[in-house]
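To start, the structure under review is shown below, and the notes come after it.
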Amino acid sequence: MNDFRKEFVEFAIAQNALRFGEFKTKAGRLSPYFFNSGLFSDGASMSKLADFYARAALASGVPFDMIFGPAYKGITLAAGMAIKLADKGRNVPFAFNRKEAKDHGEGGLIVGAPLAGRVLIVDDVISAGTSVRESVAMIRDAGATPAGVVISVDRQEKGLGELSAAQEVSQQHGIPVIAVAALADIVVYLSAQSGEADKLAAIVEYRTQYGAASP
């Protein structure tokens with residue numbers, strides 16, 4: 001478990017963005033944990049979150065020339081990540097999209113740098129993969145190349161088939177999905193903590209039932 005993954009799990013729990021209990025997912029499953037990136041909602045937490053994204057992207061070794069954040073959650077992530085990358089000596093342009101095209105001023109759907117080269121998509125999570133699919137289409141329509149996707153947490157659970165949502169996206173678009181942390185990292189973290197046996201047992205049972213096939 002990379003140090004930054006452990007740090008991220010601790011950070012998410014401290015921010016109450018990663019919670020344990022009983023939560024109903026969109027698929028109707030009762031999950032023993034829930035992650036809500038919307039709770040990183042102040043300057044300090046967003047700065048730290050963006051730094052984790054930057055560290056995960058650099059650690060992945062995936063080559064990229066710029067960052068793209070799909071509206072809406074991807075907008076602040078792209079801007080914050082670009083700032084953190086610049087702090088680490090890697091200055092790259094970033095862009096994001098509007099939900100509706102603007103017909104005045106600069107016009108168009110894309111705000112920021114023109115989409116060019118190898119474009120790394122940043123978003124909070126992957127559920128149905130709609131946001132990634134739309135982002136990939138915009139990038140390719142601009143003549144650029146999608147380089148990969150960075151997300152905060154990979155739940156590593158089955159979608160409609162045996163693959164996870166992240167695995168499906170990777171397979172459909174031929175790009176890697178980079179997660180700051182995955183369910184496996186949460187399991188490793190809880191395993192090392194005293195007094196967390198009940199939470200760990202519930203997650204292990206859930207993973208046994210719904211876990212996706214290994215890549």
Side-chain angles (χ1 to χ4, degrees), residues 4-5 8-9 11-12 15 17-18 25-27 34-41 45-60 62-85 92-100 109-113 115 117-142 144-157 159 163-183 185-186 212:
F4 75 81
R5 301 191 192 283
F8 175 73
V9 173
F11 168 59
Q15 289 291 133
L18 176 58
T25 68
K26 287 182 181 179
F34 179 70
F35 178 78
N36 180 7
S37 65
L39 294 175
F40 301 114
S41 55
S45 63
M46 177 52 65
S47 174
K48 202 163 183 179
L49 178 63
D51 191 64
F52 281 118
Y53 268 75
R55 290 164 74 183
L58 294 174
S60 74
V62 171
F64 62 94
D65 302 307
M66 69 173 294
I67 299 166
F68 176 76
Y72 288 102
K73 286 185 177 178
I75 295 174
T76 51
L77 288 171
M81 185 176 167
I83 292 169
K84 291 301 178 179
L85 285 170
V92 296
F94 73 94
F96 56 89
N97 68 302
R98 297 185 177 94
K99 284 291 188 180
E100 296 179 0
L109 278 173
I110 306 299
V111 181
L115 296 174
R118 298 164 297 187
V119 184
L120 189 63
I121 302 163
V122 294
D123 210 347
D124 63 335
V125 294
I126 294 176
S127 49
T130 305
S131 175
V132 175
R133 184 168 58 252
E134 292 173 350
S135 298
V136 166
M138 281 185 276
I139 291 165
R140 287 181 171 152
D141 285 347
T145 303
V149 187
V150 188
I151 59 172
S152 49
V153 173
D154 180 359
R155 290 182 62 92
Q156 296 181 307
E157 66 182 72
L163 299 179
S164 69
Q167 288 171 333
E168 287 171 351
V169 161
S170 183
Q171 189 178 81
Q172 289 167 7
H173 304 293
I175 54 177
V177 175
I178 305 153
V180 176
L183 179 58
D185 298 309
I186 297 172

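None of the values given here were measured: they were computed from a predicted structure.
Using a 30° and 60° split on the angle between ring planes, F11 and F40 fall in the parallel class, below 30°.
The closest donor-acceptor contact from the side chain of R55 to the backbone of R5 lies at 3.5 Å or more, if one exists at all. At distances below 3.5 Å, at least one donor-acceptor pair connects side-chain atoms of Y53 with backbone N or O atoms of S152. No donor-acceptor pair under 3.5 Å is formed between the side chain of R140 and the backbone N or O of T145.
Within the model, atoms CD1 of I121 and CD1 of I178 stand 10.5 Å from one another, a figure rounded to the nearest 0.5 Å. M46 contributes atom CE, which lies 7.5 Å from atom OG of S37 (distance to the nearest 0.5 angstrom).
Considering every non-hydrogen atom in both Q156 and L183, the closest pair reads OE1-N, 3.3 Å. Counting all heavy atoms, side chain and backbone alike, N97 lies closest to P70 at OD1-CA, 3.2 Å. A pairwise comparison of heavy atoms in A212 and S164 identifies CB-N, 3.4 Å as the closest pair.
For Q171, the CD atom is loosely surrounded, since the number of other residues' heavy atoms within 6.0 Å does not exceed 12.
Counting only heavy atoms from C-beta outward, the side chains of D123 and I126 never approach each other to under 4.5 Å. With contacts defined as side-chain heavy-atom distances shorter than 4.5 Å, the pair R155/T25 qualifies. Counting heavy atoms from C-beta on, the side chains of F4 and L58 never come closer than 4.5 Å. No side-chain heavy atom of V62 sits under 4.5 Å from any side-chain heavy atom of V150. No side-chain heavy atom of D154 sits under 4.5 Å from any side-chain heavy atom of V177. Between V136 and I175, the closest side-chain pair of non-hydrogen atoms falls below 4.5 Å. Using a 4.5 Å heavy-atom cutoff, the side chains of F68 and M138 are in contact. Looking at R133 and H173, their side chains come closer than 4.5 Å, going by heavy atoms from C-beta outward.
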